[in-house]
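Numbering starts at 1 and runs along the sequence shown.
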Amino acid sequence: MKISARLSAVLAASALAAGAFAAAPATAQVAAGTGTAAVTPPDISLTNVKQHLADLQSLASANGGNRAHGRTGYKASIDFVKAKLDAAGFTTTLQTFTSSGATGYNLIADWPGGDANQVVLLGSHLDSVTAGPGINDNGSGSAAILETALTVARTNFQPTKHLRFAWWGAEELGMVGSRYYVNNLPTADRSKISGYLNFDMLGSPNPGYFVYDDDPTIEQTFKTYFAGIGVPTEIETEGDGRSDHAPFKSAGIPVGGLFSGAETYKTAAQAQKWGGTSGQAFDRCYHASCDTTANVNDTSLDRNSDAIAYAVWNLASGSGTPPGGGKVFSNDTDVAIPDGGATAATSTVNVTGITGNAPSNLAVGVDIVHTWRGDLKVDLLAPDGSVYALKAANVSDSADNVQTTYTVDASSEVANGAWKLRVQDMYSGDTGYINSFKLTFP
C-alpha cells in the first residue's frame, strides 16, 4: 500500500445497476442474511498461497532483498506470476510504462470466455518498497489472487461475465501502474468493467477484517461471506485513496476490496472482536525489512483468500459448466503423498448422472504439489479397477509439481462410479500432496 496521504479529490464511483452482479442460479446454499441463492466456490488452498509467498520471498532474497519498482526483484516477480498463468491457460499481457527513470510492468491475465462487455477485474500491486521483500504488503494480495486465478483454471470455471486479473507495478510510488492502465483504457473499455476488486495487505499479523464501502453490491458480497463464517467486519478507512482502486474509482468504475490493516493501531474493541493485541499496529513491519514470510497471519490470509473466491464465483455469475454442455467432477481435498514408500496416495471422484460409457477423450485434470515430480508415478483407476498410466517416474525429471490435463481413451469403461487418481512416490527425499483431481466429460 502506498504511503502517501489519502487522496481528497477521488470522484464517487457510479453504483452498479440493480442486479448487475446477480448470483448464478441456485446451486448451493442461501447467502447469510440476504435471501439470495449463493454459489459455493472451491476452497482456496492456504498451502498454495503460502508457497507463492515463499517464492516471492526467495525472489526478493536473490535480488537485493526487495521487489521494488525498477529493481530486478520486481521483474523476477512479474515473470514468476506470468509463467504460472501462461501454464494454466490464461491469455497474459505485459504492459510497460516508465516511472522515476525506470521501466515498470503491469501484468494483465484474461480467462478465456465470458461476456467481454461485462468484465470483473481483480487486482493487487506486486511491487514492494525498497526496504524489504514486501510479503504482506503486498505479496499477500498478489498471492491470493494468483491462487484464485489458478483455481479458476483448475476447476474450468466458466462464468457468465469475463474474468480478468491484474498485478500492478509501482503502486508504492503513487499507484503509477494502475493509473497508467486506467488512463490508457479507451472510454468504451472502461464502461465494460462491471467492477474492480482490489486486494492490498490480506495477512497482517495483528489483523482486522475491513471491507471497502464504495460499491454497495460488491461490499455486501464480501459482508455476506464473512457473516457466513461468523467473522464481523468493519468499513475500511485507513487505505482510502492509498491503493490501486483509487484510479478506477476516479474514472467512475465501481470498486470494492478487502484489507487487514497497516500502520494504524488496533483498538481494545477491535481486539475483543477479532483477537490480537490492542494498542499495537495491525502490521508492525509495514514498509520495513521485517515484512517477510514470518510477518503473515495464516488465519487472516486464509479467510481473505476464500472471500476472494466467494466474490469471484458469485459476482461473475458462473455456471460451473464448461462449454459444449460438458460436466466436471472434482475433488479439491489435499491428500498427502507418502515419501518413497510402498503406499500410494489416492484421490477419489464420484461420477454420477452420465449415460453409458466414458468418452474416448476423457480429460483428467491433475494438480500435484511436489518438490521433485520425477519421483512420481501417476495413474488413473477406473471404477472397475482398470489402470490408465498417466505419468511414469523419471528420477532425472528434477522440476517440481505436476499441473496438467491428460486425455484418456476410457470409452471401454462405464462412466458412473468411483474414479481414482493414484500417486506413488517411488524415491525418498522429497515430499508433496495431491492438491486437486478432476474429470471433465465433454
Between [X] and [Y]: side-chain donor-acceptor atoms closer than 3.5 Å:
{"X": "Asp283", "Y": "Asn136", "answer": "yes"}
{"X": "Asp86", "Y": "Thr92", "answer": "yes"}
{"X": "Gln220", "Y": "Thr224", "answer": "yes"}
{"X": "Ser260", "Y": "Ser204", "answer": "yes"}

What residues, two or more places apart in sequence or in another chain, satisfy side-chain hydrogen bond (donor to acceptor under 3.5 Å, both in side chains) together with Asn357?
none

Quick one: side-chain hydrogen bond (donor to acceptor under 3.5 Å, both in side chains) partners of Thr371, sequence neighbours excluded?
Asp430

Are [X] and [Y] within salt-bridge range, i.e. N to O under 4.0 Å?
{"X": "Arg422", "Y": "Asp379", "result": "yes"}
{"X": "Arg67", "Y": "Asp127", "result": "no"}
{"X": "Asp306", "Y": "Arg303", "result": "no"}
{"X": "Lys50", "Y": "Glu147", "result": "no"}

Would you please indicate yes or no on a ring centroid separation below 6.0 angstrom for Tyr196 and His245?
no

Taking the six-membered ring for Trp, is the centroid-to-centroid distance between Tyr225 and Tyr209 below 6.0 Å?
no

Contacts satisfying ring-ring contact (aromatic ring centres under 6.0 Å, His included) that involve residues 328-380 (not counting sequence neighbours) are Phe329-Phe441

Residues that [X] engages under side chain to side chain contact (heavy atoms under 4.5 Å, CB included), provided they are two or more places apart:
{"X": "Thr93", "value": "Ile108"}
{"X": "Tyr427", "value": "Asp375, Ala393, Val395"}
{"X": "Asn401", "value": "Lys84, Val369, Gln403"}

Give the C-alpha distance, both sets of side-chain angles, the deciding distance and a yes or no for side-chain hydrogen bond (donor to acceptor under 3.5 Å, both in side chains) between Asn156 and Gln158.
CA-CA 6 Å; Asn156 198 25; Gln158 299 295 322; 2.8 Å; yes

[X] and [Y]: which non-hydrogen atoms are nearest, and at how many Å?
{"X": "Asp302", "Y": "Ile44", "answer": "OD1-O, 3.9 Å"}
{"X": "Phe90", "Y": "Ala153", "answer": "CE1-CB, 4.1 Å"}
{"X": "Asp332", "Y": "Ser436", "answer": "OD1-CB, 3.3 Å"}
{"X": "Phe259", "Y": "Leu202", "answer": "N-CD2, 4.3 Å"}

Using a cut-off of 6.0 Å, state whether more than 12 heavy atoms not belonging to Lys438 lie near its atom NZ.
yes

Please report the C-alpha distance between Glu413 and Ser386 in whole Å, then the side-chain angles of each, then the deciding distance to 0.1 Å, and finally whether the side-chain hydrogen bond (donor to acceptor under 3.5 Å, both in side chains) criterion is met.
CA-CA 8 Å; Glu413 305 290 341; Ser386 298; 3.2 Å; yes

Please step through side chain to side chain contact (heavy atoms under 4.5 Å, CB included) for the pair Tyr181 and Asn183, ending with a clear verdict.
CA-CA 6 Å; Tyr181 176 81; Asn183 289 346; over 6 Å; no

Without swapping roles, check the side chain of Asn416 against the backbone of Ile354 for a donor-acceptor pair under 3.5 Å.
yes

Given Asn198, which of Ser124, Ser178, Ser243 fulfils the side chain to side chain donor-acceptor pair (under 3.5 Å) condition?
Ser243

